[in-house]
2 protein chains.
Amino acid sequence: MARVTMAVVAKEAGVSKSTVSQFLNGRFEYMGEDTRKKIDEAIKKLGYQPNYLARSLKQKRTSMIGVIVGNIMHRLSTEVSRSIEDYCHEHNMQAIICNADDNPEKEKKYIEVLRAKQVDGLIIFPTGQNVELYKSMIEEGYPVVFMDRKVDGLKVNSVLAANIEATAESMRHLISNGHKRIAIATQPLSTSPRVDRLHGYKQALNEASLPVRAEYMVHADIKKMKQELDKLICLQEPPTALFAGNDLVFLEVLEFLKEKRIKIGRDIALVVFDNIPFAHLVETPVTTIAQPGYEMGQKAAEVLLQQIKEDTQGFHEYVFPCELVIRESSQKIDE
Amino acid sequence: MARVTMAVVAKEAGVSKSTVSQFLNGRFEYMGEDTRKKIDEAIKKLGYQPNYLARSLKQKRTSMIGVIVGNIMHRLSTEVSRSIEDYCHEHNMQAIICNADDNPEKEKKYIEVLRAKQVDGLIIFPTGQNVELYKSMIEEGYPVVFMDRKVDGLKVNSVLAANIEATAESMRHLISNGHKRIAIATQPLSTSPRVDRLHGYKQALNEASLPVRAEYMVHADIKKMKQELDKLICLQEPPTALFAGNDLVFLEVLEFLKEKRIKIGRDIALVVFDNIPFAHLVETPVTTIAQPGYEMGQKAAEVLLQQIKEDTQGFHEYVFPCELVIRESSQKIDE
DNA sequence: TTGTAGGCGTTATCAG
DNA sequence: CTGATAACGCCTACAA
């Protein structure tokens, strides 16, 4: 093991620990050329590696931040994590990515463990269930940034997608292509993006004076999604278009339609919220709403590092517009 | 900030620091019921959170391991990371995932930083370019496990997929379906899995007494993949089947074929190494070779934690068989 | 059963 | 320019 500590280097070089420390931290302003050289040689000879742990203990910063992702299975999570990691790497920080798996207990444990490990700040995709814990962190002045999901009543910096607007835009697109019977499928309405997307859905229908029909709104767990979709197409007046609330829902929809031999674009129009890496590679390329995951990650990291550096907090929502990428799946259907 | 330390708790409870420490570490065997209660109350009242950093410094273990992934864009990387994280979570460890991005410099930096942070061990998808560094770690007795790729001449535990065998099996499958002209497309032969897959490819051709033709073996960067594929199909005798060396290559192949309107399964047969989450959802479902990423991750984590606990090392190759999942893309082609 | 003292490997302060 | 010395927050003998 790396039994070689600063004291050993100091002895080898014939100087004191403090001098070695100076050297390591690049303060050679007032350092003799020879001392410098001696230390340099000693370090190389012994293969000395500084112990960041000890340094962190002393300095009270670890140069690490924690990222608690809601559910790593989402494409957005991966993109955002990647982005945050890149940003950290450029700024000599380290990101620790944890997966709460949509489980508030896990989220809580991760928050506690990461804080015990003294990470300098946290970026959280909040499950929304640990409000008291969030609140206490924020009140303490601990640096936190929320990502993707908002939680009511918290004064915290948040990075969000423009869910309502993007959904409404995609709906207007479908409506302008002649669709009047449009369904929406999402997971249960337990997080703000899902609620907002539903909101955008209704808003666009209202604008167009189309009815909002309860039987067209499906909010089910992924495992039960297919059977709910089945009910949808068995309706007396089945929808002619479907809005899939995110990438996981989309996969279910795709499998379902494939099993039922319902052809996208011909039998039913489709729009998906979330960028799907292979959306253009399926039989009928799929219209998607692309969230700028990379940019969102960069912004979150930037804001967090700012908070850490300046020891401040903020209460701002950074809302990112999304892009509607129109492909064949949402073309006009001739009935 | 969490200004409340053990000393503060001790004062609040009217005991000494060591007693509090005992309490925290679950040694209440010889502890008075009342002392115990007082400490418990003090902790709750003050909202005390132990500082793992200080503990780690003393104990010389951080309960963290580092995972350096070759390139996070591969599906396997994601699966394996996820698996390692799960295993760690169950064993009260923390995994720090880093992405070397196929860049030896980055890999080196990560190894150094992680070790400076005193992580207890490392799981590495080696780029293969930092042999000296690997060697010195191993000689030091530092716990390391290699994943996915092997590096010659190193006595280190490794977790690998049975690349040669799986590739050969898939080739035999194609050959038995009547294919004689089979091409292979991989990224440059800089890592062992690519070399091994090529090996399996040649082996199967030899077994079947089919010629190994240089013009059917493409090894190109992802960015240049399409133009190489183009050369392939422009050959006088173009291949009737293609083996795609991994998921990234597959995406290029898919795009290429789509652009050229070459229909998979009808115009060309296809087999892909790597599980592709949507392989069954494209127009012609794709035959894949599935690596047991989850199991591989579990094994690597298990082996590493073992090494850490017992302060031993090992030199064993854990080779995992892969599964050939036959779908339409590799059906017999009638010419 | 509880307290005291020393140390883990750094950094910060302040003399010299 | 360099070197003592005291923290940082916790753990571990050993003493009481």
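Labels below follow one simple rule: chain letters A, B, ... track the order of the sequence lines, proteins then strands, and each chain is numbered from 1. Computed from a predicted model, the values in this text were never measured in an experiment.
Distance NZ (A:Lys60) to P (C:dA12): 12 Å, rounded to an integer number of Å. What separates NZ of B:Lys38 from P of C:dT1 is a distance of 15 Å, to the nearest Å. Atom CZ of A:Arg61 and atom C1' of C:dT10 are 13 Å apart (whole Å). Atom CG of B:Leu53 is separated from atom P of C:dT11 by 13 Å (rounded to the nearest Å). If you measure from atom CD1 of A:Ile43 to atom P of C:dT10, you get 10 Å, rounded to the nearest angstrom.
Screening residues 67-80 of chain A for salt bridge (Lys or Arg N to Asp or Glu O under 4.0 Å) gives A:Arg75-A:Glu79 as the qualifying pairs, with residues at least two apart or on separate chains.
Here the closest heavy-atom approach between residue B:Pro143 and residue B:Gln307 is recorded as CA-NE2, 3.4 Å.
At a threshold of 4.0 angstrom between heavy atoms, the contacts of B:Val15 are confined to the sugar-phosphate backbone, with no base atom among them. Within the nucleic acid shown, B:Thr35 comes within 4.0 Å of sugar-phosphate atoms alone, with no base atom in reach, counting heavy atoms only.
In this structure, B:His316 and B:Tyr318 have tilted ring planes: the angle between them lies in the 30° to 60° band. Ring geometry for A:Tyr134 against A:Phe146 counts as perpendicular: the plane angle is over 60°, on a 0 to 90° scale with 30° as the lower cut.
For the atom pair OG1 of B:Thr78 and CE of A:Met73, the computed distance is 9.0 Å after rounding to the nearest 0.5 Å.
Each of B:Leu57 and B:Asp34 lies near DNA chain C, and the nucleotide nearest B:Asp34 is the one positioned closer to the 5' end.
Listed pair A:Ser16 / D:dT2 fails the phosphate criterion, with no side-chain N or O lying under 4.0 Å from OP1 or OP2.
Ion pair A:Arg149/A:Asp102 flagged as a salt bridge, since at least one NZ, NE, NH1 or NH2 atom sits closer than 4.0 Å to an Asp/Glu carboxylate oxygen. Electrostatic pairing of B:Asp34 and B:Lys38 does not count as a salt bridge here, judged by no charged N lying under 4.0 Å from a carboxylate O. In summary, A:Lys109 and A:Asp101 do not engage in a salt bridge, as defined by a charged side-chain N under 4.0 Å from a carboxylate O.
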Checklist outcome for this item: Nucleotide by nucleotide, nucleotides 10-16 of chain D touches protein heavy atoms under 4.0 Å in the pattern (B base, S sugar-phosphate only, - none) BBB----
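Taking the screw axis at each terminus of the helix from C:dT1-D:dA16 to C:dG16-D:dC1 from five consecutive base pairs, the angle between the two is 40° to within rounding of 10 degrees.
Under a 3.5 Å cut-off, the side chain of B:Asn130 and the backbone N or O of B:Leu133 do not form any donor-acceptor pair.
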